[in-house]
2 protein chains.
Amino acid sequence: MTTLPHPERDEIRIELVLQALADPVRLRIVRELAAADTGLQCGAMDLGITKSTLTHHVRTLREAGVVRVHPQGTARISTLRRDDLEALYPGLLGGILAAPR
Amino acid sequence: MTTLPHPERDEIRIELVLQALADPVRLRIVRELAAADTGLQCGAMDLGITKSTLTHHVRTLREAGVVRVHPQGTARISTLRRDDLEALYPGLLGGILAAPR
DNA sequence: GTCGAAGTTTGATGATTTTCGTAGTACGGT
DNA sequence: ACCGTACTACGAAAATCATCAAACTTCGAC
């Protein structure tokens, strides 16, 4: 089971996306992913939470369609689904990222 | 108490805005307000909730800085704070409203 | 094959949130 | 002054959510 389930673009729902973005920890993750132009290993991010909590947050983001996660060895590389989000909700991501830190 | 407390533009925080938008009922309210180019009386909106629940949601939106509420007789007229939101998070509102129902 | 590193699963807990009913306030009209 | 309308306040119940610890899985390296 090397592939994790992701919603297709047309399965992404705005309610879930907003709910995923509405948590401070997840918003930080999204900001870090947006700042990098490559995928990142969330486990290396030094948020102040335990591993199991991180798992929960990354899954929430993945199931909402905000990030794509693919395994790489024992690690998980997460990337922002910029193109999908921009296609569905043009400007949303930019607006959020424009917010002062 | 004819004036209700609203956050100034520089007091609006993205976490609260996203949290306010992350509820289905509140998102419907925002969509209805956005569809009208005038302020609306939320109490006339026929969402499937009681009055006290509506009060709670409108207050959540107001305290987050999403809507401005001003009394008009016994009614309350709510308007989207388009300009403030656009200034703080350009594109966010447009992206959300672009989502298919 | 064993070990450690990275992540997941499960179950529990505490906090937050959504919701409602009831009672109360504020306003405008008669 | 009274009445009805629109809304608010106050609890309280139910649901959801974030968090953690402990046990388990998976993978790569030695």
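Per chain, numbering begins at 1; letters A, B, ... match sequence-line order.
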*How far apart are the closest heavy atoms of A:R28 and A:D46, and which atoms are they?*
NH2-O, 4.0 Å
_Once side chain to side chain contact (heavy atoms under 4.5 Å, CB included) is applied, do any residues pair with B:A35, and if so which ones, sequence neighbours excluded?_
none
*asked:* How bent is the helix from C:dG1-D:dC30 to C:dT30-D:dA1, measuring the angle between the end axes built from five pairs each, rounded to 10°?
replied: 30°
Write down the protein N/O and nucleotide N/O pairs, taken from nucleotides 2-5 of chain D, whose separation is under 3.5 Å; answer none if there are no such pairs.
none

*asked:* According to side chain to side chain contact (heavy atoms under 4.5 Å, CB included), who are the partners of A:Q72, at least two apart in sequence or on a separate chain?
replied: A:H70, A:I77
*Side-chain N or O of B:R76 less than 4.0 angstrom from OP1 or OP2 on D:dT8?*
yes
*State which residues pass side-chain hydrogen bond (donor to acceptor under 3.5 Å, both in side chains) with B:S52; sequence neighbours excluded, sorted by chain then number.*
B:T50
*Rounded off to whole Å, could you give me the CG-to-C1' distance for the B:L4 and D:dA9 pair?*
14 Å
*For A:L40 and C:dA6, give me the distance from atom CG to atom P, rounded to whole Å.*
15 Å
*In whole Å, what is the span from the CD atom of A:E63 to the C1' atom of C:dT9?*
14 Å
What pairs of donor and acceptor atoms, side-chain ones from residues 82-98 of chain A against any protein atom, are under 3.5 angstrom apart with sequence neighbours left out?
from: A:R82; atom 1: NH2; to: A:A34; atom 2: O; distance (Å): 2.8
from: A:D84; atom 1: OD1; to: A:R9; atom 2: NE; distance (Å): 2.5
from: A:D84; atom 1: OD1; to: A:R9; atom 2: NH2; distance (Å): 2.9
from: A:D84; atom 1: OD2; to: A:R81; atom 2: NE; distance (Å): 3.0
from: A:D84; atom 1: OD2; to: A:R81; atom 2: NH2; distance (Å): 3.0
from: A:E86; atom 1: OE2; to: A:G91; atom 2: N; distance (Å): 3.3
from: A:Y89; atom 1: OH; to: A:I14; atom 2: N; distance (Å): 3.2

Show me the donor-acceptor pairs, under 3.5 Å and distance only, between side chains in residues 17-24 of chain A and residues at least two apart or in other chains.
from: A:D23; atom 1: OD2; to: A:V25; atom 2: N; distance (Å): 2.9
from: A:D23; atom 1: OD2; to: A:R26; atom 2: N; distance (Å): 3.2

Filtered N/O pairs between nucleotides 15-19 of chain D and protein, under 3.5 Å:
from: D:dC17; atom 1: OP1; to: A:Q19; atom 2: NE2; distance (Å): 2.4
from: D:dA18; atom 1: OP1; to: A:R26; atom 2: NH1; distance (Å): 3.2
from: D:dA18; atom 1: OP1; to: A:R26; atom 2: NH2; distance (Å): 2.7
from: D:dA18; atom 1: OP2; to: A:H56; atom 2: NE2; distance (Å): 3.4
from: D:dT19; atom 1: OP2; to: A:H57; atom 2: NE2; distance (Å): 2.4

